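For reference, the structure discussed in these notes is given below.
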Amino acid sequence: MSLNSWGMYPRIQSKNYAIEDLNKLDECIAYGNGRSYGDSALNDNIVYMKPYDFFKSFDEKSGVLDVQAGVLLSEILESFVPRGWFLKVTPGTKLITIGGAIASDVHGKNHHTEGCFSECTLEFNIKLENGEIKNVKKGDELFLTTCGGMGLTGIILDAKIQLKKIKSQYINQTTIKTKNLRDTFDAFERYKDEPYSVAWIDCLAKDEEIGKCLLMVGDFDDFGDLDYKQKSKLNIPFNFPSFALNKLSVKAFNWLYYKKAPNGVSKQRVGIDAFFYPLDSIRNWNRIYGKGGFTQYQFILPLENSYEGLQEILGLISNSGKGSFLAVLKLYGKKNDNYLSFPIEGYSLALDFKIEDGLFELLDILDKVVVKYGGRIYLTKDVRVSKEIFEVGYEDIEKFREYRKANKMDKKFNSLQSKRVQI
Amino acid sequence: MSYVLIIGAKSDIAKEVARTYAKNGYNLYLAARDISALEDLAVDIRVRSNVEVKLKELDVTDYDTHNEFYKFLEQRPLGVVVVSGYMVEQNKAQKDWKESLNTINVNYTGVVSLLNIVANDFEKQRVGFIVGVSSVAGDRGRKANYIYGSAKAAFSAYLGGLRNRLNESGVQVLTVKPGFVNTAMTKGMDLPEKLTAQPNEVAEDIFKAQQSGKNILYTKWIWRYVMLVIKHIPEFIFKKMSI
C-alpha cells in the first residue's frame, strides 16, 4: 500500500504487518498514526500499531494509566478530562499514539517546567529484535535509548504513564504581542514561571520587526467544569492547488493572525483544544500545502547563542521569501539524559515549508547556521537532514549507535531516516 | 443505566460500537462464541468509560440455546446491536457446501432466531431498539460475493419487515449497510481510500443514526449513491460485468 507521514513527502510503497509477524521480517519500523512529519516511520515493511489500542488499567489514587502503544492521546483526553485528569506532557497535536510519543520523546508548551514525555513515562514493555519482551523502567539503558530513539530499539507494546490532576477544562491565557526578537526574548524571560508558554512568530517580518510574535502563556483555571467533548472537525477534503500558498497568502495569514490580537498584553479564558491543539480542529490541514507535500524544519539553539542565531536565521528566511505558514518559538528547560531526545536548554523554532524547488538548498544553508551556533535538528519533523549535520548536534550519538549494534537492533529496526543519518 | 446487548462482539466494528455506546453512558452485554477473547476489550471499556461490561457466551448458530440466553440476562437490554457476520472468499463458499451453509447460518438463520426472541419481548414492552448490521453486498448479487451477499439480502429484508411490524409498538429497527470497512475481515484487500470507512467512523454513524431514530443507514454515506447506481444497471448489462 501507499504510505506517507504527515508531511505527505515522501510517499512510498510499503507492506503492513502485525506485531506477531516480527520474527518473519528482516527489517521494519513501527508506524502509529502517521503524525511525524517526514520519514522516521517509513520503510518497505511497517508494523502497524493502531490496532493495539486497549486501555489496561487506571489507578484513581495515583493517576497512573496503563495503555497499549496504539492508543491516541485524544482517546486518553476523551476518557479522563471529564474525570479531572490531563496529560502531564502533550505535544501540539493529540492525534499521536503513545508509542510515537515515547519514540519521539515529545514535549509541549510546558517543557520548561515538566520536561519531555519520558518524564511522565513510568515504565513500558518493548518487543526486541529476538522476540523477547522486556519491561523497561526509568534508569535502564533501554529506557534512555528508546525514549527519543525513533522506534529503532524495538516495538513498544504498552506503557504506564502518570496523569496530572486538573480542576477545570479551562486555561487562563495571557497573550503578549511583541515588536521584535529582543522584545520576544524579554517576554519569555518575564513569563517563565507560567507553566505553559509558546510563541507564534511572524516569519516574513523584515528589518527591525524581525522576531515579532504573539507569546501565549497560561495555566489551568481552578474553577469551571470538566465537561470536555471533542467537537467534530472542519475538514480539508482535497489537496489545495500548489499556487494557493504563495508568499502573499502567507503574508496575509500572518498579518491577520498578528493583527487580530490586541496590542500589548491581553487575557483570555480558553478550552483545552483551543489552547493545546489549535490545528487539530482542522482535519487534514496538511493538505493546504498541495499534493507535493511539506516539511517542518525544527531546530534548537543553546540558550547563550539563541538570540544571535535566531536573528540570523529569521533574516535568512525573511529574505528567501519562502513562506512558513506556521512558525513556533519556544524557550525550553534543561535537557534530559536520553541519548537522542531533542530538547536542550535554549530556544527552538519550528517552521513549515512547502516542498518546492530551492527549498532543500535553503535548508542546507540554515543547517550550517544551526551547527555554527551549537544547535540541533528534531528528527521527528525531519525528512532531509544529512548524517554530517545531524550528528554534530547530538553528543550521545555514538553511544546510541553502539547500543543498537551490540543488541542487534541495527539490522532489524530501521526507517528511511535512520538509514539516511546512519543511526 | 440501561444495557445494550452486542451480538458478535469480537469483530472490529463491534469493538468500536461497544466503545461508542459505553462512552455515552450505556452498560454493555458483549456476546460472542469465545468470550475469553473479549476479556481485554471488557477491561478496556471499563477503564475508558466506567460502565458495567458483562461477557456472555453465545453461539449464533446454536438456535436451541437462544431462549435461555436471553432469559438469563440479568437485566433486559434497552437495545440490541447485531454485528455478527461471517465472510469467506466466494470461491471457497461455492465449492464447499459447509462454508456456504455457515455463511447463511451466521449471517441469517442464527440472527433471525435471536431477533425473533428479542422482538417479541420488545414488542410486549413497547420499548427498545434493534440495530442489524447487514451489508451493501445484500443490495445486489454479484459473482464476486453472492453467497455472502444473498444471506445479507435476506437479513436486510427481515429487518425491513421487522421494522414494519414493530413500528406500532414504538420499537426502532435500524438497518445498517456498511460498504468497505478497514477490518480484519478485509485485511489484505486493496480498498479504495475514499470509499473505505474506519471501524470507529462506522460506529459513530451507527450510534448517531440509532439515537436519531433512522431506519436505514449507509456508511460511508456515499454508498447510498454507489448502490443506487449499481441497483439500476439493467440485468442484461449487469450479467456481463465484473464488479
Side-chain angles (χ1 to χ4, degrees), chain A residues 1-4 8 11 13-18 20-21 33-34 48 50-60 63-68 70-85 95 157-158 160-161 163 227-233 235 237-239 283-284 287, chain B residues 9-26 28 30 36-51 53 55 180-201 203-205 207-208 211-212 220-222:
Chain A
M1 61 178 259
S2 171
L3 190 72
N4 55 266
M8 301 194 296
R11 230 178 265 266
Q13 287 301 314
S14 71
K15 284 208 181 99
N16 261 357
Y17 292 92
E20 298 76 55
D21 302 325
N33 203 33
Y48 186 56
K50 278 283 284 296
Y52 306 95
D53 65 348
F54 287 104
F55 284 48
K56 296 171 69 177
S57 70
F58 180 65
D59 183 345
E60 294 279 352
V64 175
L65 175 67
D66 188 358
V67 290
Q68 284 188 320
V71 165
L72 297 177
L73 301 187
S74 59
E75 297 175 82
I76 296 176
L77 299 179
E78 185 172 50
S79 289
F80 288 97
V81 172
R83 286 140 84 174
W85 298 94
L95 301 173
L157 302 176
D158 50 51
K160 284 188 182 163
I161 61 166
L163 301 184
D227 190 21
Y228 174 74
K229 284 212 174 67
Q230 317 205 21
K231 295 185 190 72
S232 60
K233 299 167 195 150
N235 190 16
F238 52 83
N239 291 312
R283 187 150 52 150
N284 300 321
R287 288 178 173 165
Chain B
K10 204 176 131 333
S11 80
D12 291 334
I13 292 179
K15 164 178 155 189
E16 295 300 335
V17 168
R19 283 177 175 170
T20 305
Y21 274 93
K23 190 163 85 183
N24 288 282
Y26 291 88
L28 299 173
L30 302 181
S36 66
L38 290 179
E39 268 156 23
D40 288 346
L41 179 63
V43 171
D44 169 76
I45 292 173
R46 287 181 201 120
V47 175
R48 281 177 190 254
S49 300
N50 250 339
V51 297
V53 183
L55 301 183
F180 298 138
V181 186
N182 230 333
T183 64
M185 211 191 244
T186 57
K187 194 171 182 249
M189 289 162 72
D190 213 357
L191 303 175
E193 191 191 336
K194 293 245 185 295
L195 293 176
T196 307
Q198 300 303 322
N200 63 332
E201 296 169 336
E204 282 293 334
D205 281 356
F207 181 76
K208 274 188 211 144
Q211 295 283 311
S212 61
K220 294 183 159 187
W221 60 269
I222 193 167

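Reminder, nothing fancy here: chain letters follow the sequence lines and each chain counts from 1. All values reported here derive from a predicted model rather than from experimental measurement.
- Contact annotation for B:Glu39: neither backbone nor side-chain heavy atoms come within less than 4.5 Å of a heavy atom of chain A.
- When all heavy atoms of B:Arg48 and A:Ser79 are compared, the closest pair comes out as O-OG, 3.0 Å.
- From B:Ile45, atom CD1 reaches atom CZ of A:Phe54 across 8.5 Å, with rounding to the nearest 0.5 Å.
- Rounding to the nearest 0.5 Å gives a distance of 7.0 Å between CG of B:Asn200 and NZ of A:Lys50.
- Annotation for B:Lys10: atom NZ does not count as buried by contact number, only 12 or fewer foreign heavy atoms lying within 6.0 Å.
- Atom NZ of B:Lys23 sits in a crowded spot, with more than 12 heavy atoms from other residues, nucleotides or ligands closer than 6.0 Å.
- Residues meeting the ring pair (Phe, Tyr, Trp, His ring centres under 6.0 Å) test with B:Phe207, sequence neighbours left out: B:Tyr21.
- Put simply, of A:Lys15, A:Gln68, A:Glu78, the one with the most heavy-atom pairs under 4.5 Å next to chain B is A:Glu78.
- Neither the backbone nor the side chain of A:Pro82 comes within contact range of chain B; no heavy atoms are under 4.5 Å apart.
- Contacts of A:Asp66 with chain B are absent, with no heavy-atom separation under 4.5 Å from either backbone or side chain.
- With a 4.5 Å cut-off on side-chain heavy atoms, B:Val47 and A:Leu65 count as touching.
- Interatomic distance, A:Glu60 CD to B:Asn50 CG, rounded to the nearest 0.5 Å: 6.5 Å.
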